[in-house]
Amino acid sequence: MDKKISGVSQLMSRFRGWIQAGAALLTNLHLPNFIKGGLYQGTGKTVCVPGLNCYSCPAASGACPIGAFQAVAGSSRFRFSYYVTGFLILLGVLLGRFICGFLCPFGWFQELLHKIPTKKLSTKKLKLLTYLKYVVLLVMVVLLPALVVNDVGMGDPFFCKYLCPQGVLEGAIPLSIANSGIRAALGSLFTWKFTILLGILVLSILFYRPFCKWLCPLGAFYALMNRVSLFQMKVDESKCVSCGKCAGACKMDVDVTKTPNHGECIRCGMCVRACPTGAVCFRYGFGDGKEAANETTKEAANETTKEAVNETTKKTTKKTNMEESK
């Protein structure tokens, strides 16, 4: 069973880029709308997608969960979205930040930018910035849309309107190219958001997934769910040789041997591929995997004991036969 799990883990990590590309395509199925300059407005837009993908993207086949949550929080009739919150909790329990590593289009886009050959910078000394995304989640997604309202009791979607770079990349830019009316209406807000997008693009070339690490509220929510998620990382201590290669390979600055279910772990599988002994793998289920690891250790110990007993028996039998022959 362990060999099968290890094989699946290796396969998933090896083809992660293709899985990300497939997820991005499924999230944006209506590609002809980029040419038409319009939005898909079918029933699919009533369902949230798991990753960060703008509702205003012409090709978007579903709604962004952050945008949907803010739309309800900022409405005059409601202040809390049970549907979106329940949807996010369900995904968080089932997959955690696996969504960030495998299913998020904007995360994949940042990774593609990071492949541009140039000097790369480490974020290990910038770990304090990882807490900023929790502030963004609490303040810009939850509190401001609900508390800062106009005369009719409606609040702005503050994160989507003032900070999210995905809205400009997927929505404003392609729509303004195809639609002259939208192009003529662009103003200072677009300039501000476009500046943020340019900043994220440059940072993504130098740093690995900076928006995911520092600013993404969706990543912050999934990070909170990582420890209780059914999709986890498992380290077999009986195989681990403490070489440190897994920690060295991790671009999210996580040591999987110390904290396998760290909030910053996006389950990308880089540690799985880097491990020379196959000690690191994905696991799915309840618990922390220690029982399974202990069971494996016990089985290995039992096998060793059996081999030792058999060897001792052989030596005793050989000695007895020699004595009898004498």
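Index from 1, following the sequence.
Smallest separation of non-hydrogen atoms from Pro260 and Arg267: O-NH1, 3.4 Å. Closest approach of Trp192 and Tyr162 over heavy atoms only: NE1-O, 2.7 Å. For the residue pair Phe211 and Gln110, the shortest heavy atom distance occurs at N-OE1, 3.0 Å. Taking every heavy atom of both residues into account, Cys212 and Cys216 meet most closely at CA-CB, 4.1 Å.
In this structure, the separation between SG on Cys104 and CD on Glu111 is 10.0 Å, given to the nearest 0.5 Å. Taking CE from Met225 and CD1 from Ile99, the interatomic distance works out to 10.0 Å, rounded to the nearest 0.5 Å. Between atom CG of residue Leu186 and atom NZ of residue Lys193 there is a gap of 11.5 Å, rounded to the nearest 0.5 Å. Rounded to the nearest 0.5 Å, atoms CG (Leu169) and CG (Leu198) are 10.5 Å apart. Note that the CD1 atom of Ile19 and the CG atom of Leu103 stand 8.5 Å from one another [nearest 0.5 Å].
Tracing side-chain contacts under 4.5 Å through hydrophobic residues (I, L, V, M, F, W, Y), one never reaches Trp108 starting from Phe102; they form parts of separate clusters. Ile205 and Leu112 are members of different hydrophobic clusters when ILVMFWY side chains are connected at heavy-atom separations under 4.5 Å. Note: the hydrophobic cluster containing Val135 also contains Val141 (ILVMFWY, side chain heavy atoms under 4.5 Å, direct or indirect links). Met252 and Val272 are not part of a single hydrophobic cluster, where members link through side-chain heavy atoms under 4.5 Å apart. When the side chains of ILVMFWY residues are joined at heavy-atom separations under 4.5 Å, either directly or via intervening members, Tyr55 and Leu88 end up in two distinct hydrophobic clusters.
The neighbour count for Lys45 NZ, taken as heavy atoms of other residues, nucleotides or ligands under 6.0 Å away, is above 12. More than 12 heavy-atom neighbours from other residues, nucleotides or ligands sit within 6.0 angstrom of OH on Tyr83. Under a cut-off of 6.0 angstrom, the local environment of CD1 in Ile35 is sparse, with at most 12 non-hydrogen atoms contributed by other residues, nucleotides or ligands. Atom CZ of Arg14 has 12 or fewer heavy atoms from other residues, nucleotides or ligands within 6.0 Å.
The six-membered or imidazole ring of Phe207 lies near that of Trp214, with a centre-to-centre distance under 6.0 Å.
Between Cys246 and Thr257 there is a side-chain heavy-atom pair separated by less than 4.5 Å. The shortest side-chain heavy-atom distance between Arg209 and His114 does not fall under the 4.5 Å cut-off.
When each of Cys48, Pro50, Ser229 is paired with Leu91, the side chain to side chain contact (heavy atoms under 4.5 Å, CB included) condition holds for Pro50 and for no other. Of the listed residues (Lys124, Lys251, Lys133), just one forms a salt bridge (charged side-chain N to carboxylate O under 4.0 Å, His left out) with Glu264, and that residue is Lys133.
Taking the ring centre of Tyr208 as origin, the terminal cationic atom of Lys213 falls outside the region bounded by 6.0 Å and 45° from the ring axis.
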Q: Would you check, one step at a time, whether the test side-chain hydrogen bond (donor to acceptor under 3.5 Å, both in side chains) holds for Ser61 with Asn28?
A: CA-CA 5 Å; Ser61 52; Asn28 297 281; over 6 Å; no
**Q.** CA sep, side-chain torsions, deciding dist, call: Arg97, Asn261, side-chain hydrogen bond (donor to acceptor under 3.5 Å, both in side chains)
**A.** CA-CA 10 Å; Arg97 290 202 79 178; Asn261 297 305; over 6 Å; no
